[in-house]
Amino acid sequence: DETSSHALATTLSPADEAAVRMVPINRGDITVHDQRVVHGSGPNNSQGWRRAYVLAFRTAEMVNEERALGFSHSHNDEFNWDAFHAWQEKDDAE
C-alpha cells in the first residue's frame, strides 16, 4: 500500500507461489539473504517497536540506479512513487 508502507510488491506465478517458504524467526534471531530474495513480514500487532538492523552491500552502480528510481531503503527519505511506476511500466512493456 503506497500510503502506509515502504514495501514493494510483486505478482507471483503459481509455480513461484508453490515455492514460497515461510521462515519464522524469534526475537533476537537474524536472517541473512541475498537482496534478490523476496522477503517481508506481517504487521506488528504488538504495542512495542519492531527493531531491525540492516546491512546492505551494493555496488555504487546499484545505489545510483536505486536512487534514480527514488528508492533508498531509508525510512527517513520520501519515496518517489512516480519514478517507480515509470520504471515498472517500462519493465512491463519489455
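Bear in mind the structure is a predicted one, so any value in this text is a computation, not a measurement.
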Student: Rounded to the nearest 0.5 Å, how far apart are CZ of R58 and CD of E65?
Tutor: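 Answer for the CZ-CD pair, R58 versus E65, is 11.0 Å.
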Student: Could you go through residues 16-23 and list every donor-acceptor pair under 3.5 Å that involves a side-chain atom there, pairing it with any protein atom two or more places apart or in another chain?
Tutor:
from : atom 1 : to  : atom 2 : distance (Å)
D16  : OD2    : S13 : OG     : 3.3
R21  : NH1    : A18 : O      : 3.0
R21  : NH1    : A19 : O      : 3.4

Student: Just checking I30: does its CD1 atom have more than 12 heavy atoms from other residues, nucleotides or ligands closer to it than 6.0 angstrom?
Tutor: no
Student: Tell me every residue that passes side chain to side chain contact (heavy atoms under 4.5 Å, CB included) with D34, counting only those two or more places apart in sequence or in another chain.
Tutor: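 D34 satisfies side chain to side chain contact (heavy atoms under 4.5 Å, CB included) with R36, V37 once adjacent residues are dropped.
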Student: With sequence neighbours left out, write down each residue that passes side chain to side chain contact (heavy atoms under 4.5 Å, CB included) with N45, or none if nothing qualifies.
Tutor: P43
